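Report on the structure given below.
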Amino acid sequence: MLDVNVIREDPERIRQMLRDRNKDESVLDRFLAADEKWRALTEEGNRLRKVRNEESLKISKMKGDEKSALIAEMKKVSARIGEIEQEMAATEEARQDAILNIPNIPHPSVPIGKDENDNVVVYEWGEKRVFDFKPLTHSEIADNLGIIDFDRGTKVAGSGFYCLKGDGARLERALVSYFLDRHRDQGYTEVFPPVVVNRAAVIGTGQYPNLKDDMYHLERDDMWLNPTAEVPVTNLLQGEILEKSQLPINYTAYLPSFRREAGKHSDTHGIIRVHEFNKVEMVRFVEPEGSFDVLERLRMDAEELIREMKLPYRVLLLCTGDMSFSCAKCYDLEMYAPGEDRWLECSSCSCFTDFQARRARIKYRPAPHLKSEFVHTLNGSGLALPRTMVAILENYQNKDGTVTIPEVLRPYMRGQEVIGN
RNA sequence: GUGGAGGUGGCCCAGCCUGGUAAGGCGCUAGACUGCUAAUCUAGUGUCCGCAAGGACCCGGGGGUUCGAAUCCCCCCCUCCACGCCA
């Protein structure tokens, strides 16, 4: 959520921003109209309440006819206040709905563009491997090795679910442990929050209402299945006022994530786009000063893992049109998958400035006597598991159908070097 | 799930029975005083509207009663304790 004052001061700047983001401008006009009406109603309501407060106090000191007359008069005032309050409630809802649908303002360094074709490749790292045989896709490899059981996963939960098995399940577990351990080295505290979150939480990080159709909703209890650990982890500090000395707070969490992927075609196969996947997430709460420098650091925390696994990848700076709702700036990391012969997004690292903090009311005191201010939040995947698994299987596959385990992961697999022999 | 106790500015806590401007303490900040510090005294220390003067709002959330609700009534949420059930 943006600061209302920022919108009021320069609405045209916001209008331009919505255009840059390829979003409908009408939301701004809806906000401005509702805001103006809301302010007028606030003033009138305040005026009438002042009258009522003063007169009510007099009533307590009166007697007889004079008292009854004033009570009768105040009855009318109260009725009018009631009307105004009803109108205010409706106006406020419209105003709130509008502002919750205005996205964050992009950082000046974000390229202006329409869609993913306008994203900028910052750089590529690593060499694409040259094969002396035709590399297989991850599903072919996994099938041959019996480490992913697609059919039985589907049997249990339906299309878009799968079951890891044997060394596949062990590799998954190794990746989770390795990622978490490395983030711990990088200064993050490991947390394991609930996988089910409430409405306040999904509003707090901005998934609701914009992405509500992409989340699994438990209707009976009005709860959601975690869409990304960003939600429960960021909301751990919801409504809190932190001391400056507590910042920065860096959390890392392993958590299953659930996506309905509504409306997306299944142009992918295997485990590239699934309804349930594991992910290790990094979340940082920082002072506003220098938060975009922290984004570079956060991104490097994710990149280090990919480098250590020796997987080729590239860094994309997302353009205004492709960046998600709450971001001020966002990098995607994409690993190269030779079997698929395509780049796969395995991490998204974003700075949200105070956009989420305002929604989730996460503040800090810059100094003991000063007013509390909103913190800045950042997060990044470090990393999404299935696509990392795809990249490992496809990059580390051998001619004989086996897969070499990346060196950094071997300690987590009791020294095992190869899957499938 | 049942029974009990609770939820009041950053923190603690009074007020609720018996409706009438939310008391006090701690912490923090500024000023005064003081060789320094401490103590003490004074003021400030939530949100919103307003250029300001000023005003409104805020007692877990939502309704209701009333001229007027922290206080009375109804519904819901959360915390703690006990019991029950359970991996």
Side-chain angles (χ1 to χ4, degrees), chain A residues 1-10 31-100 192-204 208 217-224 232 235-247 249 256 285 287 354 357-375:
Chain A
M1 185 167 71
L2 294 179
D3 184 345
V4 290
N5 291 315
V6 168
I7 306 175
R8 285 175 189 159
E9 271 165 28
D10 191 358
F31 172 77
L32 293 172
D35 186 53
E36 195 176 337
K37 190 173 175 193
W38 177 80
R39 284 202 273 180
L41 288 168
T42 299
E43 283 212 48
E44 192 183 354
N46 283 354
R47 213 190 66 235
L48 287 173
R49 268 188 291 265
K50 182 192 178 187
V51 171
R52 184 175 71 181
N53 286 344
E54 288 172 351
E55 301 303 298
S56 287
L57 198 58
K58 286 185 197 162
I59 286 173
S60 66
K61 290 161 190 154
M62 289 175 147
K63 277 183 183 161
D65 289 348
E66 202 186 18
K67 183 169 181 171
S68 328
L70 193 51
I71 286 178
E73 199 183 318
M74 284 308 105
K75 228 170 191 161
K76 284 182 205 153
V77 173
S78 271
R80 177 66 190 135
I81 290 174
E83 283 169 24
I84 289 172
E85 280 175 349
Q86 281 204 339
E87 211 178 333
M88 270 204 67
T91 309
E92 183 150 18
E93 198 182 316
R95 178 178 179 265
Q96 198 63 14
D97 180 71
I99 198 169
L100 284 178
F192 198 113
V195 184
V196 176
V197 296
N198 61 27
R199 183 175 287 260
V202 289
I203 290 176
Y208 189 93
H217 185 209
L218 307 174
E219 219 170 300
R220 183 166 173 173
D221 299 295
D222 197 25
M223 307 269 254
W224 278 264
N235 281 289
L236 287 175
L237 301 184
Q238 182 197 108
E240 297 197 24
I241 298 177
L242 307 160
E243 294 306 322
K244 182 187 165 88
S245 59
Q246 292 177 269
L247 296 177
I249 293 173
F285 304 82
E287 293 182 59
D354 61 356
R358 180 169 281 109
R359 285 181 166 228
R361 303 177 316 283
I362 306 170
K363 298 179 153 190
Y364 82 109
R365 248 177 245 291
H369 61 292
L370 289 181
K371 236 176 122 156
S372 58
E373 284 179 29
F374 292 107
V375 301

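Proteins get letters first, then strands, A, B, ... in listed order; numbering begins at 1 in each. Computed from a prediction, not measured in an experiment: that's the story for all the values here.
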Residue mapping more 5' on RNA chain B - nearest nucleotide basis, A:I241 or A:D35: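 Result: A:I241.
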What integer distance in Å separates [X]:[atom1] from [N]:[atom2]?
X	N	atom1	atom2	result
A:E240	B:G9	CD	P	15 Å
A:Q246	B:C11	CD	P	13 Å
A:E36	B:G50	CD	P	11 Å
A:F374	B:G46	CZ	C1'	13 Å
A:M1	B:U47	CE	C1'	13 Å
A:K363	B:C11	NZ	P	13 Å
A:L242	B:C11	CG	P	12 Å

NA contact type, A:R8, heavy-atom cut-off 4.0 Å: base, sugar-phosphate, or nothing?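 The residue A:R8 makes sugar-phosphate contact but no base contact.
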If the [atom1] atom of [N] is compared with that of [M], how far apart are they to the nearest Å?
N	M	atom1	answer
B:A22	B:U71	C1'	11 Å
B:U47	B:U42	C1'	27 Å
B:U66	B:G19	C1'	9 Å
B:G9	B:U45	P	16 Å
B:G84	B:G25	P	46 Å
B:C11	B:C83	P	31 Å
B:C59	B:U21	P	16 Å
B:G20	B:C73	P	15 Å

Euclidean distance, A:E43 CD relative to A:I84 CD1, rounded to 0.5 Å: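 Going from the CD1 atom of A:I84 to the CD atom of A:E43 covers 11.5 Å.
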So that I can tick it off, tell me whether A:E55 and A:K58 are bridged by a salt bridge, with the cut-off set at under 4.0 angstrom between side-chain N and carboxylate O. yes
N-O pairing of A:R80 and A:E83 below 4.0 Å: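 Here A:R80 pairs with A:E83 in a salt bridge, since their nearest N and O are under 4.0 Å apart.
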Please work out whether the ring planes of A:H217 and A:W224 are parallel, tilted or perpendicular, with thresholds of 30° and 60°. parallel
Stem regions touching RNA chain B, defined by at least 3 consecutive Watson-Crick or wobble G-U pairs below 3.5 angstrom: B:1-7 with B:77-83, B:10-12 with B:24-26, B:27-32 with B:40-45, B:46-49 with B:54-57, B:60-64 with B:72-76
Would you check if the side chain of A:R359 reaches a backbone N or O of A:I203 as a donor-acceptor pair within less than 3.5 Å?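 The answer is yes, because a donor-acceptor pair under 3.5 Å joins these two groups.
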Neighbour count above 12 (heavy atom, 6.0 Å) for [X] [atom1]:
X	atom1	answer
A:E93	CD	no
A:Q246	CD	yes
A:D222	CG	yes
A:E66	CD	no

Using a 4.0 Å cut-off on protein heavy atoms (strictly under), produce a 5'-to-3' string for nucleotides 51-80 of chain B with B for base contact, S for backbone-only sugar-phosphate contact, and - for none. ----BSS---------BS------------
Closest non-hydrogen atom pair, A:F374 against A:D354: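 The pair with the smallest heavy-atom distance is CB-CB, 3.9 Å.
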